[in-house]
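Please read the structure below before turning to the comments.
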Amino acid sequence: MKYTLTGAVALALASGTAFAGGLERTTRSPNILFEEGNLVELSFGTVDPSVSGVGVFAGLSPGAESGDLSERYSNLGLAIKQDFNDNLSFALIYDQPFGANTAYPLASTYFARGSTATLSSNAITGLLKYTTDSNISVYGGLRYQTMQAEAALGFANYTINSETDGSFGYVAGVAYEKPEIALRIALTYNSAIQHDNTVSEVLGLASGTSTLSYETPQSLNLDFQSGVAKDTLVFGSIRWVDWSSFDLSPAIFTGGTGGALVSYPSDTITYTLGVGHRFNETWSGAVSVTHEPSNAGFYTNLGPTNGRTGITVGATYKKDNMEITGGVSYAWIGDANTTLTSIGGATAGTFTDNTAIGAGLRVRFRY
């Protein structure tokens, strides 16, 4: 029997990164290329993290609680997939791959109280897939991505605002399929994308405009699925993201403090494993578990999270040419320590026992 990846499985794979390492919010997955037939889809997700910590450095605010610094955020996605013939397919995908929404409560006595940061991104990706008669596929294309951010650090008397910058990257991948048992193994590379944002900074009495150059990180995805029983799939992924090479060092901030505004000590590797089942012609469902190991080192005060373990449950309803998929995710966020250049690498704050809950909805129409 020939299987396809159910909508519930696809949502389980996608929503597992709703609160991923670094600034990442989507996997930029090419899985829509492997769906049968022509389709258009609209997806929406919302995540409500709860992240708080306590000061530990004697010279700052020892014992002071930060309060919840992570604001709720939403993600929007749109995609269309078109088969030109039995061998050649095309997909156009819109997503919001990176983001940040940080706001330390003013009412606390924590040293970073009142500090805020927002980052927004938009990306459009065009992909072509060619499938050989031996069920080996090669695919790839271009991605155009925009980035914009702003931040205010009350403890450093610092603000930064950036103009929006857009730049191109690319995607390349290869896959093998055995449709009769729903087997698919796909390896996808997403390139780093270079950005040069014009930024305006104020640090105490110093101010100025400069160009902030950085790269959003390259990544590598290994996705797999296989039928194991009638109407039942196992699926999963291993994802590596090169966060250790990400560095935001605006000229005035770095010149005045000697450190980066945002950087990460290690790359992230995320593991997902799940099972999907079609109950009948109308309903299917999936459940998956995701684990992103914690790493050593200090994390940014604007995003003090380090690894996660989560579970996602999703269900799909099919009616004629329409599919509606909903899912919920719950994540236990790994503990993180932060520091400041001014305290010589000592721990400034510790963030423990944090969580995030998310929900997603996807609507597909086949034509």
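Count residues from 1 along the sequence. Given the structure is predicted, the values throughout are model-derived calculations rather than measurements.
- Geometric assessment of Arg25 against the ring of Tyr73 yields a positive cation-pi assignment under the 6.0 Å and 45° thresholds.
- More than 12 heavy atoms of other residues, nucleotides or ligands lie within 6.0 Å of CD in Gln148, so this atom counts as buried by the packing criterion.
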Verdict with supporting geometry, Ser210 and Val199, side chain to side chain contact (heavy atoms under 4.5 Å, CB included): CA-CA 6 Å; Ser210 61; Val199 298; 3.7 Å; yes
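- When hydrophobic clusters are built by joining Ile, Leu, Val, Met, Phe, Trp and Tyr residues whose side-chain heavy atoms come closer than 4.5 Å, directly or via intermediates, Phe298 is not grouped with Tyr264.
- Ser263 and Asp247 share no donor-acceptor pair across their side chains, judged by distance under 3.5 Å alone.
- Considering every non-hydrogen atom in both Ala156 and Leu203, the closest pair reads O-CD1, 3.2 Å.
- Follow the hydrophobic side-chain contacts under 4.5 Å out from Val202 and you never reach Val262; the two are in separate clusters.
- With rounding to the nearest 0.5 Å, the separation of CG in Leu361 from CD1 in Ile324 is 7.5 Å.
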Please assess Asp335 against Phe351 for the test side chain to side chain contact (heavy atoms under 4.5 Å, CB included), listing each intermediate value before the final yes or no. CA-CA 6 Å; Asp335 299 344; Phe351 294 77; over 6 Å; no
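- Under the 3.5 Å distance criterion, with hydrogens and angles disregarded, a donor-acceptor pair is assigned to the side chains of Ser137 and Thr131.
- Between Tyr110 and Tyr104, the ring planes lie parallel to each other; the angle is under 30°, not in the 30° to 60° tilted range.
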Show your reasoning for whether side chain to side chain contact (heavy atoms under 4.5 Å, CB included) applies to Lys318 and Thr282. CA-CA 5 Å; Lys318 296 180 66 174; Thr282 302; 5.5 Å; no
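- When each of Thr102, Thr355, Leu69, Asp353 is checked for a side-chain contact (heavy atoms from CB on, under 4.5 Å) with Val51, only Leu69 meets the rule.
- Looking only at distances, no side-chain donor or acceptor of Asn75 sits under 3.5 Å from a matching main-chain atom of Thr46.
- Between Leu302 and Pro304, the closest heavy-atom pair is C-CD, 3.9 Å.
- Checking Ser50 against Asn354 by side-chain atom types alone, no donor-acceptor pair falls below 3.5 Å.
- Between Tyr139 and Tyr130, the closest side-chain pair of non-hydrogen atoms is not below 4.5 Å.
- Residues Lys129 and Val138 have side chains not in contact (no heavy-atom distance under 4.5 Å, counting atoms from C-beta outward).
- Shortest non-hydrogen contact noted between Ile93 and Ser29 is CD1-O, 4.0 Å.
- Side chain of Asn295 to main chain of Asp267: a donor-acceptor pair is present (N/O by atom type, distance under 3.5 Å, no hydrogens or angles).
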Under the side chain to side chain donor-acceptor pair (under 3.5 Å) criterion, do Ser219 and Asn190 qualify, and how do the steps go? CA-CA 5 Å; Ser219 63; Asn190 294 282; 3.3 Å; yes
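- At a threshold of 4.5 Å between non-hydrogen side-chain atoms, the residues Phe34 and Lys81 do not count as touching.
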Show the numbers, then the answer: is there a side chain to side chain contact (heavy atoms under 4.5 Å, CB included) between Glu201 and Phe253? CA-CA 8 Å; Glu201 299 178 82; Phe253 181 85; 3.6 Å; yes
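- Side-chain atoms of Ser167 and His195 form no donor-acceptor pair, as typed in the model, at a separation below 3.5 Å.
- Remark: the Tyr299 side chain and the Asn337 side chain contain no N/O donor-acceptor pair separated by less than 3.5 Å.
- Annotation: side chain of Glu215 is not in contact with side chain of Pro217 (no heavy-atom distance under 4.5 Å).
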Run the side chain to side chain donor-acceptor pair (under 3.5 Å) check on Thr125 and Arg143 step by step: do they pass? CA-CA 4 Å; Thr125 306; Arg143 172 176 291 118; 3.0 Å; yes
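- At least one side-chain heavy atom of Phe235 sits under 4.5 Å from a side-chain heavy atom of Ser288.
- Glu35 has a carboxylate O that lies under 4.0 Å from a charged side-chain N of Arg366, or vice versa, which qualifies the two as a salt bridge.
- In Asn280, the CG atom is crowded: over 12 heavy atoms of neighbouring residues, nucleotides or ligands sit closer than 6.0 Å.
- Taking CG of Leu273 as the start and CD1 of Ile238 as the end, the distance is 10.0 Å to the nearest 0.5 Å.
- Using modelled atom types and a 3.5 Å distance limit, the side chains of Asp196 and Ser213 yield a donor-acceptor pair.
- Inter-residue side-chain proximity for Phe111 and Asn301 is flagged as met; some heavy-atom pair is nearer than 4.5 Å.
- Within the model, atoms CD of Gln225 and CD1 of Ile181 stand 10.0 Å from one another, a figure rounded to the nearest 0.5 Å.
- No side-chain donor from either of Asn101 and Thr118 sits under 3.5 Å from a side-chain acceptor of the other.
- Between Gln145 and Phe98 there is a side-chain heavy-atom pair separated by less than 4.5 Å.
- Between the OG atom in Ser226 and the CG atom in Leu183 there is a gap of 5.0 Å [rounded to 0.5 Å].
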Dump the intermediate steps for side chain to side chain donor-acceptor pair (under 3.5 Å) on Glu177 and Asn135, then the final yes or no. CA-CA 5 Å; Glu177 297 177 272; Asn135 292 325; over 6 Å; no
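- Cluster membership check: Val313 does not share its hydrophobic cluster with Trp283, using side-chain heavy-atom separations under 4.5 Å among Ile, Leu, Val, Met, Phe, Trp and Tyr.
- Screening Asp165, Asn197, Ile124, Thr164 for a side-chain contact (heavy atoms from CB on, under 4.5 Å) with Thr146, the sole residue that qualifies is Thr164.
- Thr339 places a side-chain N or O within 3.5 Å of a backbone atom of Ala346 that can act as its donor or acceptor partner.
- Between the CG atom in Leu261 and the OG1 atom in Thr254 there is a gap of 7.5 Å [rounded to 0.5 Å].
- A donor-acceptor contact closer than 3.5 angstrom links the side chains of Thr272 and Thr290.
- Taking both residues in full, the closest heavy atoms of Pro105 and Ser66 are given as CD-O, 3.2 Å, listed atom of the first, atom of the second, then distance.
- Counting all heavy atoms, side chain and backbone alike, Thr309 lies closest to His291 at OG1-ND1, 2.8 Å.
- Using a 4.5 Å cut-off between side-chain heavy atoms of Ile, Leu, Val, Met, Phe, Trp and Tyr, with links allowed through other members, Leu127 and Ile193 fall into different hydrophobic clusters.
- Remark: Phe90 CZ to Gln82 CD distance equals 9.5 Å, nearest 0.5 Å.
- Under the 4.0 Å criterion applied to side-chain N and carboxylate O atoms, Arg362 and Glu323 are not assigned as salt-bridge partners.
- Inspection of the Ser134 and Thr132 side chains reveals an N or O donor paired with an N or O acceptor under 3.5 Å.
- The side-chain contact (heavy atoms from CB on, under 4.5 Å) test with Val275 singles out one residue from Leu233, Thr232, Val228, and that residue is Thr232.
- Residue Val54 is not grouped with residue Ile333 when hydrophobic side chains (ILVMFWY) are merged at heavy-atom distances under 4.5 angstrom, including chains of intermediate members.
- When every heavy atom of Ser244 is checked against every heavy atom of Pro265, the shortest pair comes out as CB-O, 4.3 Å.
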Verdict with supporting geometry, Thr26 and Asp95, side chain to side chain donor-acceptor pair (under 3.5 Å): CA-CA 8 Å; Thr26 69; Asp95 68 343; 2.9 Å; yes
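- By the 4.5 Å heavy-atom criterion applied to side chains, Ile269 and Arg239 are not counted as neighbours.
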